[in-house]
Every structure is written in structure tokens, then in C-alpha cells.
Q: 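Please see the structure below; I have some questions.
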2 protein chains.
Amino acid sequence: MRVPAARTAARGRIDKRQAILEAAFTVFARRGYAQACVQDIADEAGVAKPTVYNHLGDKENLFRHAMEAAADAVMRENLAVVERLRTTGDDLRAALEDVAYRMLKVCCGERSRALRSLTYSQVATFPELIETVQGRTSIGLGEAVADRLARLSLSGRLRQCDPGQAAEQFLALLTGPMEARSRLGTREVSAAETRAVANAAVDTFLRAYAAEAADPGLP
Amino acid sequence: MRVPAARTAARGRIDKRQAILEAAFTVFARRGYAQACVQDIADEAGVAKPTVYNHLGDKENLFRHAMEAAADAVMRENLAVVERLRTTGDDLRAALEDVAYRMLKVCCGERSRALRSLTYSQVATFPELIETVQGRTSIGLGEAVADRLARLSLSGRLRQCDPGQAAEQFLALLTGPMEARSRLGTREVSAAETRAVANAAVDTFLRAYAAEAADPGLP
DNA sequence: ACTAGATTGAACCCGTCAGTTCAACTCTGC
DNA sequence: GCAGAGTTGAACTGACGGGTTCAATCTAGT
């Protein structure tokens with residue numbers, strides 16, 4: 001006899017589908033696609049196995065939709081952080097450091113890591129994952145950052161440059177070192193170390209992209 | 001009846017074990033751990049299934065050893081490239097661009113990508129993979145690059161800096177954008193674009209780390 | 001209360017695959 | 001040729017899990 005995970009407020013058919021999608025992502029993240037079995041997902045969602053099949057058909061479909069939903073959630077978080085670059089105060093460095101740190105917190109969060117890991121591992125089996133996931137995360141995030149950097153460049157606070165490339169490198173300077181330090185997410189990275197990574201990335205970024213000399217442009 | 005892959009020079013027991021390890025990595029890379037079955041690996045190696053079990057015990061062991069061997073191979077390739085930084089000519093930028101480009105070619109190669117993908121996807125099931133693989137690739141590579149950068153810094157061609165951090169960021173500037181452009185390796189990136197990524201990385205790196213002003217130090 | 005549709009648990013079918021067994025075969029060294 | 005170790009194919013076991021079926025149960029809306 002299986003023991004349901006959260007049977008409390010489950011009986012009403014309110015949003016079974018949503019619960020199933022979240023549970024599915026949780027279990028896939030925990031076990032990997034092939035090792036995750038539908039019964040586990042049903043249990044995690046506090047739902048019977050046939051109900052899962054009723055709502056989402058087979059395992060592949062379930063996986064696709066779960067990944068899609070998770071990607072959307074991660075993207076929302078990331079965009080909220082990038083929005084903070086819209087209102088930069090006087091101190092550009094401080095603003096970038098703030099955004100960098102928050103972005104690292106998101107990108108190393110549970111969902112974000114699991115999403116990357118699952119995408120990486122199942123890209124051979126589900127080729128459309130790249131579009132679905134990358135399109136909703138990396139690519140969109142890159143564009144959002146590029147937009148902000150373009151404005152900063154135009155207002156003379158960064159030097160003339162290709163904003164797309166600048167954004168690409170900014171993100172690389174952030175996530176690359178972080179992945180290495182966290183050992184692909186298997187190791188806790190202290191807040192202090194995270195902040196150090198963010199600051200180092202911003203420092204290098206500004207050395208390479210800050211406007212030359214004392215900016216003579218604006219009044 | 002199964003069709004063996006390369007039965008030509010297989011009969012002698014010369015290096016069955018080696019053949020099995022290589023075949024295993026090939027099949028794991030192609031199908032992923034869970035989806036790869038031992039029979040496929042045996043076929044790929046041109047060997048019978050019991051022989052696989054004779055040499056390497058169970059599937060988990062097989063996987064561990066195959067990953068270990070592949071990591072060693074990738075590491076050898078990478079170190080060979082980094083060694084080129086020992087003899088920098090007059091043109092530091094050109095030397096870095098050369099190394100950067102070669103490194104990208106290695107890191108986006110078949111083995112290297114498969115290694116990353118498999119590590120990522122199985123890290124939950126085989127926690128020691130991080131040590132085995134990262135220890136033999138990323139970490140060692142980072143240290144090797146840091147060694148070279150330290151020398152360059154000492155000889156006044158780069159500014160004073162923490163070589164470990166510089167290496168970390170140099171590698172991030174290289175691999176980050178490349179992973180994004182290649183869509184996790186599912187898309188061919190032209191040699192020209194690869195070179196552009198390498199040059200952009202070196203450009204940003206030098207802006208941030210080159211010795212200040214026209215170096216007055218050396219004769 | 002009544003009905004229709006959703007939900008449930010349990011059992012079931014069926015394919016896949018890890019791992020084993022075994023008798024036959026092949027090669028090597030002597 | 002012979003002995004013995006290694007190899008082979010083929011068949012087998014047992015576990016696991018995807019997907020389905022079904023009768024019993026629950027819930028909502030009327």
C-alpha cells in the first residue's frame with residue numbers, strides 16, 4: 001500500500017493538473033527521467049496513477065509539460081532580477097553587483113539547477129527541449145540583459161560595444177565560475193563566496209566594458 | 001541474432017577490456033546511462049555479453065570505469081593545448097587566441113560533450129562522479145591555465161592578479177558563450193564563429209587583465 | 001437525493017533488461 | 001595434440017515499470 005505525500009487538501013479536483021506537473025518535475029529532478037517512475041510522481045502529487053494518465057497522457061508528454069512549466073517559472077524569476085537594472089542609481093558597479101548576486105542565487109537554486117541538468121541529460125531523447133527550455137531561459141535572459149546593457153552603453157556609462165556579446169560574456173562570467181565552485185550543484189556555496197564570485201565577475205566586466213576615462217559625455 | 005560491430009581483429013584477447021570501456025562510453029554517450037543496455041555495449045565492442053561481465057562486473061562498475069577513462073583522455077587533450085602557453089611569442093594576444101580556439105575545439109568535441117552530459121545527468125546516482133570527472137578535467141585544467149597565467153603575470157605581460165581567478169574567468173569566457181551558441185552541443189558551430197568566440201573572449205580577458213599602459217618593465 | 005463525471009486502488013499485461021548459467025568452441029603455450 | 005583459460009551464443013530468471021482496465025467511491029451541481 002502506497003503512502004501519499006500530501007493528502008491534506010487534495011481531494012477536490014481543484015488543480016490536480018498543476019500538482020501533477022510540479023510533482024513530476026520534483027521527481028524527475030530527484031531521480032532523472034528514466035529512473036523516475038510514474039507511480040512515484042503520482043504519490044508525490046497525492047494522486048492515483050490513472051489520474052496522471054488521464055491528465056497528461058504518457059510519461060513523455062508529462063516530462064515535456066513539466067519541463068515547460070519549470071522553465072517558465074525560472075524565467076519569471078530571472079526576468080524579475082534583470083528588471084532591477086532599469087533603475088540604476090549613481091553607482092553602476094553597486095547596481096551590477098546587486099543584480100549579479102541575485103542572479104547567481106536564482107541560477108543556483110534548486111529548480112534552475114534541476115532544469116539545466118535534465119535538459120542536458122535528455123536533450124538526445126527530446127530534441128525539442130532545447131527550444132522549449134533554452135528559448136525560455138538562457139536566450140530570453142541573454143536578450144533581457146543585452147537590452148539593459150544597450151541602454152547603459154547609449155547613456156555613456158559603458159563603452160560602445162555589441163550588447164549581445166557583452167551580455168553573453170557577463171552571464172558567462174557569472175555562471176561559469178559558479179558551476180565550477182558548486183561542483184555542478186552538489187556542494188553548498190556560502191553566501192560570502194557567492195558574493196565574491198559576483199563581485200569578481202562585475203569587476204572583470206567593468207574593466208572590459210566600462211566607458212573609457214572619466215566620462216565627459218553627460219551634463 | 002545480434003550483429004557485432006567490429007569483429008575483424010577482435011578474437012585475440014589482447015585488449016578486450018579497453019575495447020569494452022571505449023564501447024561502453026560510446027553507447028552511454030549515445031543513449032544515456034539508463035537507456036543503454038549491456039548487450040548494446042557488448043555488440044559495440046564486438047564481444048559477448050558474459051565477457052563484459054567477466055571483465056568489469058556489473059553495469060555500474062562499467063559506467064564508472066568508462067567515465068574515468070574518458071575523463072583521462074579529455075584531460076590529456078586539454079593539457080596538450082595549454083602547454084602551448086609555455087612558449088608565448090612576442091604577440092601575447094595571438095598566442096592566447098590560438099590556445100583559446102584550440103581549447104574550444106576540444107571542449108566542444110564529441111567526447112568532451114558526452115562526458116559533461118553524462119556527468120550532469122548521473123551525478124545524483126553516482127555522487128563520486130564529480131570527483132572522478134571534475135577532478136580530472138575542469139579542476140586540473142583550471143590549475144594548468146592558472147600556472148601559465150601566473151608566469152605571464154610575473155613576467156609583466158599581465159597585470160598583478162589572482163591567477164586562479166583569472167584562469168576561472170578565462171575558461172568561463174570561452175566555454176560559456178560556446179555552450180550557448182552550440183545549444184548544448186546540438187548545433188554545429190562554424191569554425192569562423194568558434195574563432196570569433198575565442199577572439200572575443202581573449203579581447204575581454206586582455207582588457208581586464210593586460211598589464212596597464214605601455215609596459216615599462218622589460219628591456 | 002440524484003446523476004454524471006472525475007478519482008481511486010488494485011490487479012493485470014507486456015516488454016525490457018540486468019545478471020547468470022552452461023555446453024560448445026577457440027586459441028595459446030607446451 | 002593436449003590442457004586450460006578465455007570466449008561465445010543462447011536461453012533463462014527475476015525485477016521493474018509503463019500503460020490499461022475496472023468496479024467501487026467520491027464530488028459537484030442541480
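Labels below follow one simple rule: chain letters A, B, ... track the order of the sequence lines, proteins then strands, and each chain is numbered from 1. The analysis underlying the following values was restricted to heavy atoms, covering all of them including side chains, and did not include hydrogens, waters or symmetry mates. Given the structure is predicted, the values throughout are model-derived calculations rather than measurements.
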Q: By the 4.0 Å heavy-atom rule, please label A36(A) as base, sugar-phosphate, or nothing.
A: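 The answer is sugar-phosphate, as A36(A) gets under 4.0 Å only of primed atoms, P, OP1 or OP2.
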Q: From the options dG19(C), dG9(D), dG18(D), select the nucleotide whose nearest atom is closest to the side chain of A48(B).
A: dG9(D)
Q: In this structure, how many angstroms lie between the P atom of dG17(D) and the CD atom of Q35(A), rounded?
A: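 The answer, rounded to whole Å, is 10 Å.
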Q: Using salt bridge (charged side-chain N to carboxylate O under 4.0 Å, His left out) as the criterion, point out the one residue from R31(B), R30(B), K49(B) that pairs with D40(B).
A: R31(B)
Q: Any Lys/Arg nitrogen of R136(B) or E68(B) sitting under 4.0 Å from an Asp/Glu carboxylate oxygen of the other?
A: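 A salt bridge links R136(B) with E68(B).
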Q: To the nearest angstrom, how far is Y33(B) atom OH from dC17(C) atom C1'?
A: 12 Å
Q: Give the C-alpha distance, both sets of side-chain angles, the deciding distance and a yes or no for side-chain hydrogen bond (donor to acceptor under 3.5 Å, both in side chains) between E179(B) and T175(B).
A: CA-CA 6 Å; E179(B) 279 292 280; T175(B) 55; over 6 Å; no
Q: Atom CG of N54(B) and atom C1' of dC22(C): how far apart are they, to the nearest Å?
A: 13 Å
Q: Just how far, in rounded Å, is P of dT7(D) from CZ of R17(B)?
A: 12 Å
Q: Measure up the F126(B) and F63(B) rings against each other and bin them: parallel (under 30°), tilted (30 to 60°), perpendicular (over 60°).
A: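 If you compare the ring of F126(B) with that of F63(B), the planes turn out tilted.
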Q: With a 4.0 Å cutoff (strictly under), does any side-chain N or O of T51(B) reach OP1 or OP2 of dT8(D)?
A: yes
Q: Say whether E44(B) and T26(B), considering side chains only, have a donor N or O and an acceptor N or O under 3.5 Å apart.
A: no
Q: Expressed in angstrom and rounded to an integer, what is the separation of K59(A) atom NZ from dG19(D) atom P?
A: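 Spelled out: NZ on K59(A) to P on dG19(D) is 8 Å.
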Q: Find the distance R31(B):CZ to dA18(C):P and express it as a whole number of Å.
A: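 So the CZ-P distance, R31(B) to dA18(C), works out to 11 Å.
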Q: May I ask you to evaluate whether H55(A) reaches the phosphate of dT7(C), defined as a side-chain N or O under 4.0 Å from OP1 or OP2?
A: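 So the side-chain polar atoms of H55(A) do come within 4.0 Å of the phosphate oxygens OP1 or OP2 of dT7(C), strictly under.
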Q: Can you check the E60(B) CD to dA18(C) P distance for me, whole Å?
A: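 Roughly 11 Å, once rounded to whole Å.
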Q: If you check every side-chain atom of D58(B), which of dG9(D), dG19(C), dG19(D) has the closest atom?
A: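 Within the option list, the nearest is dG19(C).
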Q: Can you tell which of dT8(D), dG18(D), dA10(C) lies closest to the side chain of K16(B)?
A: dT8(D)
Q: Donor-acceptor pair under 3.5 Å: do we get one between K49(B)'s side chain and the base of dG9(D)?
A: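 Side chain to base: no pair present.
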